[in-house]
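Note on naming: letters A, B, ... go to the chains in the order of the sequence lines (proteins, then strands), and numbering restarts at 1 for each one.
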2 protein chains.
Amino acid sequence: MTQQAERTRRIPLSRDRVLAAAVVLADQVGIEALSMRRLAQELGVVPMALYKHVANKEELLDCMVDALVSEIDPPVRDAGWKDTVRLRVLSARGALLRHPWARQVLESRTNKTPAVLGYMDSFIGMFLAGGFSVDLTHHVMHALGSRMWGFTQELFDDSAGGDAAGLVTLPPEAQAAMFREMAERYPNILKVATASAHQDSVVGQGCDDQFEFEFALDLLLDGFERLHRQHWSSTPAQTSPAQTSPAQTSPAQTSTPATP
Amino acid sequence: MTQQAERTRRIPLSRDRVLAAAVVLADQVGIEALSMRRLAQELGVVPMALYKHVANKEELLDCMVDALVSEIDPPVRDAGWKDTVRLRVLSARGALLRHPWARQVLESRTNKTPAVLGYMDSFIGMFLAGGFSVDLTHHVMHALGSRMWGFTQELFDDSAGGDAAGLVTLPPEAQAAMFREMAERYPNILKVATASAHQDSVVGQGCDDQFEFEFALDLLLDGFERLHRQHWSSTPAQTSPAQTSPAQTSPAQTSTPATP
DNA sequence: ATTGACAAGTGTACGCCGTACACCTAACGT
DNA sequence: ACGTTAGGTGTACGGCGTACACTTGTCAAT
């Protein structure tokens, strides 16, 4: 009896083991299926046992984010700001692609853990070290937004593939009908969707996410570079990125109602 | 009795009424507090009654997104693509700011409703009408990402205000201690946070979101414009936005593992 | 060797959630 | 007058996070 007990509960659980199991489980079954009960079961333990090691589910999620951050490579040394930032973002993206749950969790978190703050601080430091003014750095961080973490909303390309995912299971004539329907109702979507697919299937299976991500990233980095060169490290009243837009002088109020 | 019944249940509920109530309730109590039960209660009805008008909660959320999309102004006529896109995005942003739940719901949705597809189609149409090649339009849509909806992850500026939200409730000496702590651990965050606050409080109360949003938007639009001018409407093998980055020639594989 | 404190795991229970399913009931076309 | 049916009801199930009281295994101090 005691021997069996000794055999079954060899390792006494610990915070790290809980955390690691949570990451693995989320990787495997998705974040929406990660429940305290399921996690406990995976660890061969009763649900409430977890609460001896994490305060609650929120804290668990925060810790999972920390684990993710720890996977991001530190900034490379001896390179210009642009390459440094670029590589760091792509490293973050790598971590994110390894952990599909991370995007959603990152989006939902409001409290920043020390690890997250540390990553941001280091990120900001890359621009400052590159000679960016504090103000420009501020704007630039906003412009990057979630791209800092290696992702952006992919609201578009799921639908660029259209109902492709669902389509394949349908009989051919229904596919054709749906295709005609789409061509009629969403001609523009169809144009870019078919153009981005270089094979001749009705609707291509999406596009190269990595290419698209880097396209946007480089577009931003090039923009940053121009602004940086433009007023090197001086700090005028307010940076104005756009020369062409008429409303740019007073950007705070436009078509939206007052936002005090 | 019948008279009372007639008085209490005057309007027989209908899909539209459910939907409208859901939007109002989400506006008021937040999306996380919007449950079928709560919504039913608000309508003076038993929870299961709702299921006679919406299939399930998913569909309800989809419909709420549709309602949001319907609030976005149509594209302005007789303007260049740049202004057209700019105004449309800012209109979407207006709708989003009026409905704080929308961002999260939009992020979580995977199925695109016809209204959403219609919005995207119209959005794509603005670029095509502006003479953008189909390929460039595709990339450009990706670069915009969720900015098309008028939002981006605000992962940064919550923390730029630092623990400001929590700070105010603390005694002054604790504030000072925390400030020193932050200054030591996150010097860079502190620099941009204090710089962006133009008052002399320890940590400014964030920055002008609207300005930051438009900063990034215009940065992108200017970038699009340059690419557009660069190879007007021709479609070379693949558009390459960055001239400087060494890895640009083959962007699909970098530091991340293979993504087939 | 005994004890007693304490950390770790257990069991039960509560209130929330979405929703399946059987039921009632009032209005309406025939 | 009557069957159909759309719309509202009641009950119930399985899942969730977690509060709280409990056992149990471990080890330091007596």
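In this structure, a donor-acceptor pair under 3.5 Å is present between the side chains of B:Thr113 and B:Asp66. Counted by atom type alone, A:Arg147 and B:Thr152 present zero donor-acceptor pairs between their side chains at under 3.5 Å.
Rounded to an integer number of Å, the gap from B:His53 NE2 to D:dA6 C1' is 9 Å. What separates CD of A:Glu59 from P of D:dG17 is a distance of 15 Å, to the nearest Å. Taking atom CZ of B:Arg17 as the reference point, atom C1' of D:dG7 lies 13 Å away to the nearest angstrom. Here the P atom of nucleotide D:dG15 and the CD atom of A:Gln41 are 10 Å apart, to the nearest Å.
Using a 4.0 Å cut-off between charged side-chain N and carboxylate O, B:Glu107 and B:Arg103 make no salt bridge. A salt bridge links A:Arg38 and A:Glu42; the closest N-O separation between the charged side-chain nitrogens and carboxylate oxygens is under 4.0 Å.
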For nucleotides 13-23 of chain C, 5' to 3', base contacts (B), sugar-phosphate-only contacts (S) and non-contacts (-) with protein non-hydrogen atoms under 4.0 Å give B---BBBBB--
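A distance-only check finds no donor-acceptor pair linking the side chain of B:Arg37 to the backbone of B:Pro47 [under 3.5 Å].
Residue pairs that meet the ring-ring contact (aromatic ring centres under 6.0 Å, His included) test with at least one member in residues 97-118 of chain A, sequence neighbours left out, are A:His99-A:Trp101.
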